[in-house]
2 protein chains.
Amino acid sequence: MVTIKDIAEMAKVSKSTVSRVLNNSGYVSEDARMRVEKVVEQTNYTPSQHAKSLRTKKTKIVGVILPTIQTETSSKIVTGLGREFSKLGYEILLANTNLNKEKEFEYLDLLKVRGVDGIVLIATNTEPKLLEKIKEINIPLVMVGQAAEGMMSVTYDDYHASRELTSLLIDKGHERIAFIGVDETDQAVGMRKKGFLQEMAAHQLEVSETWLEKGIFDIDSGYDAMEKILSNSRRSPNKIPTALIAVTDRLAMGAMSYLKKQGMRVPEDMAIAGFGASEFAQYLDPPLTTVDYQNEKAGEEAAIQLINCMHSKNHTEKIVLDYRLIERTSI
Amino acid sequence: MVTIKDIAEMAKVSKSTVSRVLNNSGYVSEDARMRVEKVVEQTNYTPSQHAKSLRTKKTKIVGVILPTIQTETSSKIVTGLGREFSKLGYEILLANTNLNKEKEFEYLDLLKVRGVDGIVLIATNTEPKLLEKIKEINIPLVMVGQAAEGMMSVTYDDYHASRELTSLLIDKGHERIAFIGVDETDQAVGMRKKGFLQEMAAHQLEVSETWLEKGIFDIDSGYDAMEKILSNSRRSPNKIPTALIAVTDRLAMGAMSYLKKQGMRVPEDMAIAGFGASEFAQYLDPPLTTVDYQNEKAGEEAAIQLINCMHSKNHTEKIVLDYRLIERTSI
DNA sequence: GCTTTTTGTGGAATCGATTCCACAATGAGT
DNA sequence: ACTCATTGTGGAATCGATTCCACAAAAAGC
């Protein structure tokens with residue numbers, strides 16, 4: 001391994017001068033600069049990041065904590081993050097919690113020890129304990145997908161997207177709309193439910209308890225939820241919904257799968273819409289109506305925001321991204 | 001920041017002793033050990049990774065180079081890697097090339113500078129230049145998905161999987177089978193084509209040139225490829241294939257989408273099979289026959305192999321994973 | 001021509017750990 | 001009682017960079 005000392009000797013200058021050349025700081029004569037650059041070129045020398053980090057307390061590494069990488073949302077966000085970060089020489093240290101909330105805490109500590117310059121948290125909740133921990137480790141951090149008091153964040157306009165989607169279904173003549181949500185600790189997704197309920201209320205439409213079910217984040221749970229909704233509603237006639245909103249495309253896909261198995265037609269017997277604009281949504285039969293959230297953009301914005309914060313430039317506190325309704329023939 | 005020196009002073013011992021306690025090395029009296037442990041506990045001290053790495057040349061970080069994280073294959077492999085690595089305290093530094101081959105080289109250099117202990121390369125090719133570069137940086141490296149001379153690797157048994165799948169279609173009475181492949185620099189996927197051709201030959205079945213098309217890795221290109229195959233084959237009657245094998249589920253999905261648009265029925269007019277066992281494959285209409293490659297397992301195996309190599313234990317050179325045919329109603 | 005300021009350079013300290021080595025205090029063996 | 005191995009400890013060097021400081025030479029100001 002060639003070190004700065006070797007370069008210094010070969011270029012017949014001191015280590016200090018080499019360092020100055022490398023970092024473009026202080027005074028260096030043209031002559032010395034050229035000699036150093038030449039030697040650096042020849043030897044293919046690159047300074048050790050460890051030594052550098054030890055001195056400067058900077059690593060050029062950002063940690064990314066996420067619940068799972070096996071969703072389009074996560075992987076798109078990470079792609080967006082990567083694109084922006086790599087422009088400025090930052091690398092990503094991946095911290096996958098596999099949906100284990102405990103691990104979020106562990107990773108926050110670990111990333112601190114690793115000395116990352118910043119952290120991106122693709123969050124699934126905003127529990128006070130978590131927020132406390134974040135304050136405690138005191139590293140620039142931006143949350144994606146959830147917002148919280150005093151935190152930088154990039155979020156989606158779930159509420160209005162949901163209202164608009166609901167409104168669209170109502171315009172199409174639907175009055176009985178079912179809804180498949182998820183666990184309520186996810187505030188962002190909670191907003192989708194709120195938007196749905198308020199838009200229904202705004203049209204003086206009642207929402208039966210039997211139309212509301214919950215899933216987790218996989219396709220099967222959408223299937224199960226749809227089954228429950230139908231069997232619950234069948235008991236009281238005239239209460240069978242004619243449309244369904246699922247908070248993710250996967251849930252919608254599961255629901256659609258169940259309906260088909262039961263011989264029901266989409267959208268004639270049941271209109272379906274989801275959220276997230278999965279790649280496969282347009283290839284379903286029929287193509288799924290959904291809401292596009294531009295996840296890659298979210299990643300890019302988060303990266304930019306974090307970089308600004310790390311360089312202590314002015315930075316926006318909270319960014320709310322726009323959405324785009326994609327109407328397809330499933331409704 | 002609390003350092004080893006602080007701990008030493010507070011526990012009234014030398015830095016050396018603290019280090020010995022922390023690393024369980026050398027002789028330490030029970031008395032001293034307890035004092036140190038107590039202070040460590042109280043202060044919540046964790047040693048600086050930078051300083052440690054500078055001295056020991058170990059980072060407990062492995063780099064993962066991948067072409068894109070937005071495929072199920074990649075993200076599952078990464079999940080598997082993460083699971084095994086985190087057991088031993090290794091973290092993952094993500095290097096996403098976004099399908100840019102140039103970047104593979106850049107990242108190999110960069111990971112060397114970062115001083116990673118090992119590298120996992122989710123490869124798309126095995127060009128000599130790349131292999132040279134890998135040798136040059138001289139860091140333990142395991143390839144996933146492609147094998148090459150002198151490299152550790154974890155691959156799938158593409159050849160036999162493809163033969164078996166082809167055989168299955170032939171058993172069902174198909175004699176004219178079309179095939180959608182990809183760019184031939186991908187050796188692994190190339191094996192799928194080879195398996196297909198050899199199995200056809202083994203049954204004395206001819207394969208018309210018009211049945212062979214190529215796509216890239218997205219759904220649309222499957223759609224386009226199917227379109228070409230049909231329009232090419234129509235010119236010569238009795239040459240229209242009755243079945244299709246696509247080298248990925250996405251391509252199969254695109255092909256299916258085109259067929260439906262043309263009013264053709266699956267599997268009556270055209271049987272379809274893919275590779276990869278995408279999560280969505282079973283929710284297609286009809287559910288897609290495919291080959292499951294256990295990508296998470298591949299990630300785990302790669303991690304174990306790399307860890308063994310880094311600890312210079314004995315390690316297998318090449319691991320070939322088993323596959324599983326999943327027969328569904330698309331054939 | 002003599003003081004200031006600007007350039008340019010190298011020496012030495014520093015970051016926070018690990019590790020070699022010297023040395024002291026035990027205990028064991030004969 | 002005298003060697004010799006075992007245990008336990010701290011001092012100092014080291015890893016490879018950055019950065020402060022002192023100092024010299026050149027340029028500028030009066």
Side-chain angles (χ1 to χ4, degrees), chain A residues 1-40 43-61 89 109-117 139, chain B residues 1-40 43-61 89 109-117 139:
Chain A
M1 192 72 190
V2 38
T3 74
I4 197 173
K5 201 177 146 212
D6 303 324
I7 304 294
E9 281 165 9
M10 293 170 72
K12 303 210 188 311
V13 292
S14 70
K15 294 194 294 173
S16 323
T17 303
V18 177
S19 179
R20 272 179 227 119
V21 171
L22 262 33
N23 298 291
N24 261 314
S25 62
Y27 294 109
V28 180
S29 67
E30 200 48 40
D31 183 45
R33 153 164 281 118
M34 294 219 309
R35 287 207 312 278
V36 170
E37 278 171 352
K38 197 171 143 210
V39 174
V40 167
T43 55
N44 226 321
Y45 162 77
T46 38
S48 145
Q49 281 290 334
H50 304 318
K52 214 167 188 160
S53 299
L54 179 57
R55 241 343 276 253
T56 62
K57 309 288 172 212
K58 298 250 164 289
T59 52
K60 286 271 189 176
I61 291 183
D109 275 330
L110 195 129
L111 291 176
K112 168 134 194 144
V113 173
R114 291 277 183 191
V116 297
D117 295 344
I139 295 177
Chain B
M1 194 73 191
V2 37
T3 74
I4 197 174
K5 201 176 145 211
D6 303 324
I7 304 295
E9 282 164 10
M10 292 170 74
K12 301 207 190 315
V13 292
S14 70
K15 293 196 293 173
S16 324
T17 302
V18 176
S19 179
R20 272 180 227 120
V21 171
L22 261 31
N23 298 290
N24 262 315
S25 63
Y27 295 110
V28 180
S29 68
E30 201 47 40
D31 182 45
R33 155 163 279 120
M34 294 222 307
R35 287 208 312 278
V36 170
E37 279 171 351
K38 197 171 144 207
V39 174
V40 167
T43 54
N44 226 320
Y45 162 78
T46 39
S48 147
Q49 280 291 335
H50 304 318
K52 215 167 186 157
S53 300
L54 179 58
R55 237 349 271 256
T56 60
K57 310 289 173 208
K58 299 250 164 287
T59 51
K60 286 269 185 179
I61 292 183
D109 275 330
L110 196 131
L111 291 176
K112 167 132 194 146
V113 173
R114 291 278 184 191
V116 297
D117 295 346
I139 295 176

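Side chains included, hydrogens not; waters and symmetry mates left out as well; all remaining heavy atoms used. Order of the sequence lines sets the chain letters (A, B, ...), proteins ahead of strands, with each chain counted from 1.
Along DNA chain D, the nucleotide nearest B:Leu54 and the nucleotide nearest B:Arg33 are compared for position; the residue whose nucleotide lies closer to the 5' end is B:Arg33. Where B:Arg55 and B:Ser16 meet DNA chain D, the nucleotide closest to each residue was compared, and B:Ser16 sits on the side nearer the 5' end. Mapping A:Glu30 and A:Lys15 onto DNA chain C by nearest heavy atom places A:Glu30 closer to the 5' end of the strand.
Within 4.0 Å (heavy atoms only), A:Lys57 reaches sugar-phosphate atoms of the nucleic acid but no base atom. If you check every strand for non-hydrogen atoms under 4.0 Å, A:Val13 touches sugar and phosphate atoms only. Residue-level contact check: A:Ser29 touches the backbone only, with heavy atoms under 4.0 Å from sugar-phosphate atoms and none from bases. Within 4.0 Å (heavy atoms only), A:Thr3 reaches sugar-phosphate atoms of the nucleic acid but no base atom. B:Ser48 comes within 4.0 angstrom of sugar-phosphate atoms only, judged by non-hydrogen atoms across all strands, and of no base.
If you measure from atom CG of A:Asp31 to atom P of C:dG10, you get 11 Å, rounded to the nearest angstrom. Distance CD1 (B:Ile7) to P (D:dG10): 15 Å, rounded to an integer number of Å. Taking atom NZ of B:Lys58 as the reference point, atom P of D:dT14 lies 21 Å away to the nearest angstrom. Here C:dG16 presents its P atom at 18 Å from CZ of A:Arg114, a figure rounded to the nearest Å. One can place NZ of A:Lys5 at 12 Å from P of D:dA17, the figure rounded to the nearest angstrom. Distance A:Lys60 NZ to D:dA17 C1': 16 Å, rounded to the nearest Å. Between B:Gln49 atom CD and C:dC15 atom C1' the separation is 15 Å, expressed in whole Å. One atom, NE2 of A:His50, and another, P of D:dG16, lie 10 Å apart when rounded to the nearest Å.
Under the side chain to side chain contact (heavy atoms under 4.5 Å, CB included) test applied with B:Val18, the options B:Asp6, B:Thr3, B:Val13 reduce to a single match, B:Val13. Among B:Ser19, B:Ser48, B:Ser16, B:Pro47, the single residue meeting the side chain to side chain contact (heavy atoms under 4.5 Å, CB included) criterion with B:Ile4 is B:Ser19.
Between D:dT7 and B:Tyr27, a contact under 4.0 Å exists linking OP1 or OP2 to a side-chain N or O. Side-chain nitrogen and oxygen atoms of A:Ser19 include at least one within less than 4.0 Å of the OP1 or OP2 phosphate oxygen of D:dT18. Distances shorter than 4.0 Å separate some side-chain N or O of B:Thr17 from OP1 or OP2 on D:dG10.
A:Leu54 contributes atom CG, which lies 12.5 Å from atom CZ of B:Arg55 (distance to the nearest 0.5 angstrom).
Minimum atom distance to the side chain of B:Val28 is reached by D:dT9, of the listed D:dT9, C:dA17, C:dT9. For B:Ile4, taking side-chain heavy atoms from C-beta onward, the closest of the listed nucleotides D:dT19, C:dT18, D:dA17 is C:dT18.
At least one side-chain heavy atom of A:Leu22 sits less than 4.5 Å from a side-chain heavy atom of A:Val40. Within the 4.5 Å cutoff, side-chain heavy atoms of B:Lys112 are placed close to those of B:Ile139. Here the side chains of A:Lys60 and A:Lys52 are not in contact, with every heavy-atom distance at 4.5 Å or above.
Applying the 3.5 Å distance criterion, the base of D:dG10 shares a donor-acceptor pair with the side chain of B:Arg20.
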